[in-house]
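Since the structure is predicted, the reported quantities are computational estimates derived from the model, not experimental observations. All heavy atoms count here, side chains included; hydrogens, waters and symmetry mates do not.
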Amino acid sequence: MFFFRMIFRSFSRQFKRRLLIAVTVCLSATVSVAMLGVVFDVGDKLNAELSTYGSNITVQPKADAVVNDLYNTGGDANSNASGISESDPTTFLKESDAPKIKTIFWAFNITNFAPELNIHADVNCASESVDSSSCKASGVPIVGTWFAKTLHMDSGESTVAGMDGMRSWWKLDGSWPKDDSAQGLIGTTLASKLGVTKGDTVTLYKTTADGSRNKQRITITGIYDSGDSDNNAMYIPSSTAQVLANLPDSIDKIEVKALTTPDNDLARKASKNPNALTQDEWETWYCTAYPSSIAYQIEEVIPGSVAKQVRQVAALQGDVLQKTQAVMVLMTVLSLVAAAIAVANLMAASIGERGSELALLKAIGATDGAVSRLMLAETAVISLVGAIVGALLGSGVAQIVGHVVFGSGITMRPMVFVLVFVLLTLTVLIASFSSIRSILGLKPAEVLHGR
């Protein structure tokens, strides 16, 4: 009872100083909860943001992958640095196999994908009775693909895949073509060269492998600006491109957009040789959404394919994530250091002002341990109140950061609160250590006599 009376008296006296301790701990808890909350959730947020700028995994036939490895190229065997095919492909995958990508273990991490058939054709936008050289182009890159194709899976689920979600950064004047139609998009550079506008119709001519000359009329539904040399191309439905090139059910590439976990040493080891992993390493790698493990699983379901992560995108995601997390962890550490310094100074000042009171307690029989526990209990109660309020405020701040920066809320994990409370407890204990030592050095006779 005496112990609790002393705590109550301590709260009633020096209220301002105790309030400052509570506010200090509250601010530290607010920053720590907000920053660590974002740190634990920022991986998926950043990956979702960065994935809007294109695919991070490409799937191609094994023969093309061998050429890539042989000549150390980064894209398709027939592509230049910009990704536009320079010649028609000679090896293919089956378009009908593409939906199998949504059947892998990490299917829900596959946010979008689009198969491609990259060919070349001659384009004539004039009427067939008029020979206008200004309205002709030879060897134009034609990309047969999906735009917003609805797939019905064997599981009963449906998903939409295609360029509509893969090229979100494109500036489009018009509308996306319909799949399995005679519609298409044309890049701004090619449209300017041909004098084509949306709503016009162009004719594509293609000489196939058997020597026949096929043609296909395409209605332009939109003109896109990709910001790169892709503006020299045309995009049409894959089924139309396959008919034009006489390549039924054929594609030479699949672009995949997936939410992934940044590579670590295990992922890098697995990407070199998965067979070199131990059983435990294999299970950890296979059941973690690394780009290499997702690519491996895609290869398992697409016959004759090689899936590779786009190194530039994966490196960017990992680099941005690590730097973002480092900044937030640093802010957390600095807030805890500031709290430790502030609490230590406030406790030292409090003990200095209450020297007579503490000396009297020791004079009437209180041990050093009892007096130390009294001060620690007082500080603990004040810090607990500040920490609880700070945790609530930190959760709110984290949501504000999530909505402002990422456009969605932050999922607050229980371990964030546990970790923050543990860190604050250690911080307060460390800050209290020097003050407790000064209590042990108090000599009641000298203090009470004013010496």
Check your understanding: Are Leu117 and Phe92 close enough, and set up right, to give a side chain to side chain contact (heavy atoms under 4.5 Å, CB included), and what steps lead you there?
Key -> CA-CA 9 Å; Leu117 176 60; Phe92 304 94; 3.9 Å; yes
**Study point:** Derivation of the side chain to side chain contact (heavy atoms under 4.5 Å, CB included) call for Glu116 and Trp146
**Key:** CA-CA 8 Å; Glu116 296 180 12; Trp146 297 345; over 6 Å; no
Practice item. Evaluate side chain to side chain contact (heavy atoms under 4.5 Å, CB included) for Asn56 paired with Gln309, printing each intermediate quantity in order. Key: CA-CA 6 Å; Asn56 51 359; Gln309 59 178 307; over 6 Å; no
Review point. Where do Tyr286 and Leu277 land on the side chain to side chain contact (heavy atoms under 4.5 Å, CB included) test, with the steps shown first?
Key: CA-CA 11 Å; Tyr286 195 89; Leu277 301 179; over 6 Å; no
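Proximity of a side-chain donor or acceptor of Asn231 to a complementary backbone N or O of Ser226 within less than 3.5 Å is detected. Looking at Ser28, its side chain never comes within 3.5 Å of a backbone N or O of Thr24 through a donor-acceptor pair. Here the side chain of Thr425 pairs a donor or acceptor atom with the backbone of Phe421 at under 3.5 angstrom. A donor-acceptor contact shorter than 3.5 Å links the side chain of Thr240 to the backbone of Ser181. Using modelled atom types, no side-chain atom of Asp97 and backbone atom of Val301 make a donor-acceptor pair closer than 3.5 Å. A donor-acceptor pair under 3.5 Å is absent between the side-chain atoms of Ser32 and the main chain of Ala29, judged by distance alone. A donor-acceptor distance shorter than 3.5 angstrom exists from the side chain of Thr30 to the backbone of Gly390, with no hydrogens or angles considered. Checking side-chain atoms of Asp249 against main-chain N and O of Ser96 turns up a donor-acceptor pair under 3.5 Å. Between the Asp225 side chain and the Lys171 main chain, no donor and acceptor come within less than 3.5 Å of each other.
With respect to Glu255 and Arg167, a salt bridge is recorded, a charged nitrogen being found less than 4.0 Å from a carboxylate O.
Rounding to the nearest 0.5 Å places CH2 of Trp176 at 5.5 Å from CG of Asp164. Separating the CD1 atom in Ile186 from the CD1 atom in Ile220 is a distance of 5.0 Å, to the nearest 0.5 Å. Atom OG1 of Thr219 sits about 12.0 Å away from atom CD1 of Ile236, to the nearest 0.5 Å. Between Leu185 atom CG and Leu190 atom CG the span is 12.0 Å, to the nearest 0.5 Å. Going from atom CE of Met166 over to atom CZ of Phe113 covers 10.0 Å, rounded to the nearest 0.5 Å. Taking CE of Met331 as the start and CG of Leu336 as the end, the distance is 12.0 Å to the nearest 0.5 Å.
The two residues Leu93 and Pro303 have their closest heavy-atom pair at CD2-O, 3.8 Å. Between Met412 and Ala398, the shortest heavy-atom distance links the atoms SD-CB, 3.8 Å. The shortest heavy-atom contact between Ser239 and Asp180 is OG-OD1, 2.9 Å. Smallest separation of non-hydrogen atoms from Lys198 and Gly174: CD-CA, 4.1 Å. The two residues Ile110 and Ala258 have their closest heavy-atom pair at CD1-CB, 3.8 Å. For Ile251 against Pro115, the heavy-atom pair with the smallest separation is CD1-CB, 3.6 Å.
Ring-centre distance between Phe147 and Tyr235: not below the 6.0 Å cut-off.
By the 4.5 Å heavy-atom criterion applied to side chains, Ile57 and Lys308 are not counted as neighbours. At least one side-chain heavy atom of Met153 sits under 4.5 Å from a side-chain heavy atom of Leu151. Within the 4.5 Å cutoff, side-chain heavy atoms of Glu299 are placed close to those of Val306. Residues Ser383 and Leu424 have side chains not in contact (no heavy-atom distance under 4.5 Å, counting atoms from C-beta outward). Glu95 has its side chain out of reach of Ser250: every pair of non-hydrogen atoms, C-beta onward, lies at least 4.5 Å apart. You'll find the side chain of Asp230 reaches within 4.5 Å of the side chain of Tyr224, heavy atoms only.
The side-chain hydrogen bond (donor to acceptor under 3.5 Å, both in side chains) test applied to Lys269 returns Glu281, not counting sequence neighbours. By the ring-ring contact (aromatic ring centres under 6.0 Å, His included) test, Tyr296 is found to be paired with Trp282, Trp285, residues two or more places apart in sequence or in another chain being considered.
Other residues, nucleotides and ligands contribute more than 12 heavy atoms inside 6.0 Å of the CZ atom of Phe105.
When Thr111, Ile101, Asn112 are each tested for a side-chain contact (heavy atoms from CB on, under 4.5 Å) with Val256, only one passes: Ile101.
Looking at Ser305 and Gln60, their side chains never bring a donor and an acceptor atom within 3.5 Å of each other. A donor-acceptor contact closer than 3.5 angstrom links the side chains of Tyr290 and Asn264.
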